[in-house]
Amino acid sequence: MKKIFFIILFVFITGIVKADADSDQWQDTGETYIDLINTGFEVKAYDMTNFKDDQGNLYLFFVTVLQKENEIYECQEYQVFDNSMVTLDLTFVCRKLVTPYKKG
């Protein structure tokens, strides 16, 4: 009986809840690490991941979370190196946590 109740509850809830693909809570900014640290932000979390593709290129992804009181930023850095460690691509962006808004 419990299983049936949970299945019905699950079907009911998933039928009501729908994600809005045009909604976001991270807003791009022009800030850099040094800008944020110089204004009092502290690094709260850091993560790095990497992988190699079939051509031997190395992809590095860095994510850093910085916080000052109730303000939170997530900075993302993407780097691609060839097998000689020459940078092929570099992308950097910091995003501020905001009230969800419609992208457009």
Side-chain angles (χ1 to χ4, degrees):
M1 187 66 176
K2 284 183 183 180
K3 288 181 183 179
I4 294 173
F5 173 75
F6 284 117
I7 291 172
I8 292 171
L9 183 63
F10 178 76
V11 170
F12 178 72
I13 289 174
T14 56
I16 296 173
V17 178
K18 294 189 187 266
D20 185 353
D22 293 325
S23 185
D24 201 350
Q25 63 182 0
W26 293 99
Q27 193 167 43
D28 289 3
T29 69
E31 306 293 329
T32 65
Y33 288 131
I34 195 70
D35 295 334
L36 295 171
I37 290 169
N38 283 341
T39 56
F41 282 83
E42 296 179 0
V43 174
K44 295 295 182 174
Y46 179 82
D47 190 32
M48 183 190 120
T49 189
N50 64 67
F51 68 90
K52 282 192 173 187
D53 65 14
D54 293 337
Q55 289 77 36
N57 295 326
L58 175 63
Y59 293 76
L60 297 177
F61 303 100
F62 303 92
V63 178
T64 306
V65 177
L66 299 101
Q67 181 177 3
K68 178 175 77 173
E69 297 175 5
N70 290 335
E71 288 184 85
I72 299 174
Y73 282 78
E74 178 186 82
C75 296
Q76 300 173 2
E77 184 176 345
Y78 309 98
Q79 291 183 335
V80 182
F81 298 95
D82 66 11
N83 51 8
S84 301
M85 294 306 288
V86 173
T87 300
L88 301 177
D89 190 23
L90 172 65
T91 304
F92 179 82
V93 63
C94 283
R95 295 181 170 104
K96 183 177 182 177
L97 182 63
V98 296
T99 302
Y101 67 98
K102 293 278 189 185
K103 295 185 283 188

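On a predicted model such as this, the values are computed, not experimentally measured, just so you know.
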Parallel, tilted or perpendicular, judged at 30° and 60°: which one describes the rings of F61 and Y78?
perpendicular
Those residues at least two apart in sequence (or on a different chain) that pass salt bridge (Lys or Arg N to Asp or Glu O under 4.0 Å) with K52 are none
Could you name each residue pair satisfying salt bridge (charged side-chain N to carboxylate O under 4.0 Å, His left out) that touches residues 37-46, not counting sequence neighbours?
E42-K44
To the closest 0.5 Å, what do you measure between OG1 (T29) and CG (L36)?
6.5 Å
Can you name the side-chain hydrogen bond (donor to acceptor under 3.5 Å, both in side chains) partners of [X], sequence neighbours left out?
X: T39; result: none
X: D35; result: T32
X: Q79; result: E77

If you look only at distance, which donor and acceptor atoms sit under 3.5 Å apart when one is on a side chain in residues 86-99 and the other is two or more places apart or in another chain?
unit_1 : atom_1 : unit_2 : atom_2 : d
R95    : NE     : D28    : OD1    : 2.6
R95    : NH1    : Q76    : OE1    : 2.8
K96    : NZ     : E71    : OE1    : 3.4

Under the ring pair (Phe, Tyr, Trp, His ring centres under 6.0 Å) test, residues paired with Y73 that sit two or more places apart:
F41
Do you reckon F62 sits in the same ILVMFWY cluster as M85, going by side-chain contacts under 4.5 Å, direct or chained?
yes
Check whether I72 and Y33 end up in the same hydrophobic cluster, where Ile, Leu, Val, Met, Phe, Trp and Tyr are linked by side-chain heavy atoms less than 4.5 Å apart.
no
Can you name the nearest heavy-atom pair linking N50 to M48, along with the distance?
ND2-CE, 3.5 Å
Identify, with sequence neighbours excluded, every residue that meets side chain to side chain contact (heavy atoms under 4.5 Å, CB included) alongside E69.
none
In chain order, what residues pass the side chain to side chain contact (heavy atoms under 4.5 Å, CB included) check against D53, with sequence neighbours excluded?
Q55, N57, Y59
For residues 27-69, pull every pair meeting disulfide bond (SG atoms under 2.5 Å apart), keeping only residues two or more places apart or in separate chains.
none
